[in-house]
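Positions are given from 1, in the same order as the sequence printed here.
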Amino acid sequence: MTDRRAAASFTRKTRVGREWVDYNGHMADFAYAIAFSETMTAYMDEIGLDAAYRAATSATLYTLDMRTGYLRECHEGDALNLSLHVLAADSKRLHGYLEMHNAGGALLAWSELMMLHVSQAGGRPKAAAFPAEVASLLDLAAADSAEILPLPHLERRIGLSRT
């Protein structure tokens, strides 16, 4: 199990690979989702929901909802710094917020997601409570993330105005 502070302020570094670049010469929309998803998986590993946990318990996280905001382009080879914040958690769900910055600190994109802890035992996926140690880490992370709220862009809906 990780140290409690590491779970509360999780960051990850990566680079834009050639396979993430589209026909316009910049990082494709699908690649942002991959970078955010890989960051969530790394966070799962950090808080104890790793491969060994999944093998032993047949439990994992499912993504229920994911929304991404694209702010700036990035290109092949660019360094990316990703951070993950737990905005809230209950006994089975995690409301996460991730940001992607370039090496200069500019915000490139953000992602909001809702994850559900699911047991796959018996072949039928079913919502399941987090283990106590994980729940404790998520509570700490949510308390520490409160300082970044409110995030006005998360309050806006997607849609066209009806004027």
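- Taking each heavy atom of A127 and K92 in turn, the nearest pair found is CB-CD, 3.9 Å.
- In this structure, NZ in K13 is found 10.5 Å from OG in S83, a value given to the nearest 0.5 Å.
- With sequence neighbours excluded, the residues that form a side-chain hydrogen bond (donor to acceptor under 3.5 Å, both in side chains) with R12 are E38, T39.
- Applying the ring-ring contact (aromatic ring centres under 6.0 Å, His included) definition to pairs two or more places apart or across chains, those involving residues 118-140 are H117-F130.
- The hydrophobic cluster containing L107 does not contain V16, counting ILVMFWY residues as joined when their side-chain heavy atoms lie under 4.5 angstrom apart, directly or transitively.
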Item to complete: Using the side-chain contact (heavy atoms from CB on, under 4.5 Å) rule, take M115 and M40 through it: C-alpha gap first, then chi angles, then the decisive distance, then the call.
Response: CA-CA 10 Å; M115 308 294 286; M40 176 51 79; 4.0 Å; yes

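- Without hydrogens or angle criteria, T41 side chain to S37 main chain gives a donor-acceptor distance under 3.5 Å.
- Shown here are the side-chain hydrogen bond (donor to acceptor under 3.5 Å, both in side chains) partners of H101, two or more places apart in sequence or in another chain: there are none.
- Using a distance-only test at 3.5 Å, with no hydrogens or angles considered, no donor-acceptor pair links the side chain of T63 to the main chain of D65.
- Between the side chain of N102 and the backbone N or O of G104 there is at least one donor-acceptor pair closer than 3.5 Å.
- Under the salt bridge (charged side-chain N to carboxylate O under 4.0 Å, His left out) criterion, the residue pairs touching residues 70-85 are R18-E76, with sequence neighbours excluded.
- The side-chain hydrogen bond (donor to acceptor under 3.5 Å, both in side chains) test applied to Y97 returns E99, H153, not counting sequence neighbours.
- Side-chain atoms of S145 come within 3.5 Å of backbone N or O of V86 as a donor-acceptor pair.
- By the criterion of side-chain heavy atoms lying less than 4.5 angstrom apart, applied directly or through intervening Ile, Leu, Val, Met, Phe, Trp or Tyr residues, L149 is grouped together with W110 in one hydrophobic cluster.
- A side chain to side chain contact (heavy atoms under 4.5 Å, CB included) with H85 holds for exactly one of L98, I148, D144; it is I148.
- Checking side-chain atoms of R15 against main-chain N and O of G77 turns up a donor-acceptor pair under 3.5 Å.
- Pairing each heavy atom of Y53 with each of G48, the nearest pair is CB-O, 3.2 Å.
- Rounding to the nearest 0.5 Å gives a distance of 7.5 Å between CG of L113 and CG of L94.
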request  = Kindly indicate, with the supporting measurements, whether the criterion side-chain contact (heavy atoms from CB on, under 4.5 Å) is fulfilled by Y62 and Q120.
outcome  = CA-CA 11 Å; Y62 280 21; Q120 300 173 78; 3.5 Å; yes

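- The SG atom of C74 sits 9.0 Å away from atom CH2 of W20, with the distance rounded to the nearest 0.5 Å.
- Proximity of a side-chain donor or acceptor of R54 to a complementary backbone N or O of L49 within less than 3.5 Å is detected.
- Scanning all heavy atoms of the two residues, the minimum distance from P125 to G123 falls at CD-O, 3.7 Å.
- Minimum interatomic distance between A142 and A88 (heavy atoms only, all atoms of both residues): CB-CA, 4.1 Å.
- Looking at residues two or more places apart in sequence or on another chain, you find no salt bridge (charged side-chain N to carboxylate O under 4.0 Å, His left out) involving D22.
- Here the OG atom belonging to S111 is positioned 3.5 Å from the CE atom belonging to M66, to the nearest 0.5 angstrom.
- Between the CG atom in L108 and the CG atom in L71 there is a gap of 8.0 Å [rounded to 0.5 Å].
- Criterion: ILVMFWY side-chain heavy atoms under 4.5 Å apart, direct or through other members. Under it, V118 and M114 are part of a common hydrophobic cluster.
- In this structure, CG in N81 is found 10.0 Å from OG1 in T14, a value given to the nearest 0.5 Å.
- The closest side-chain heavy-atom distance from I47 to L138 is below 4.5 Å.
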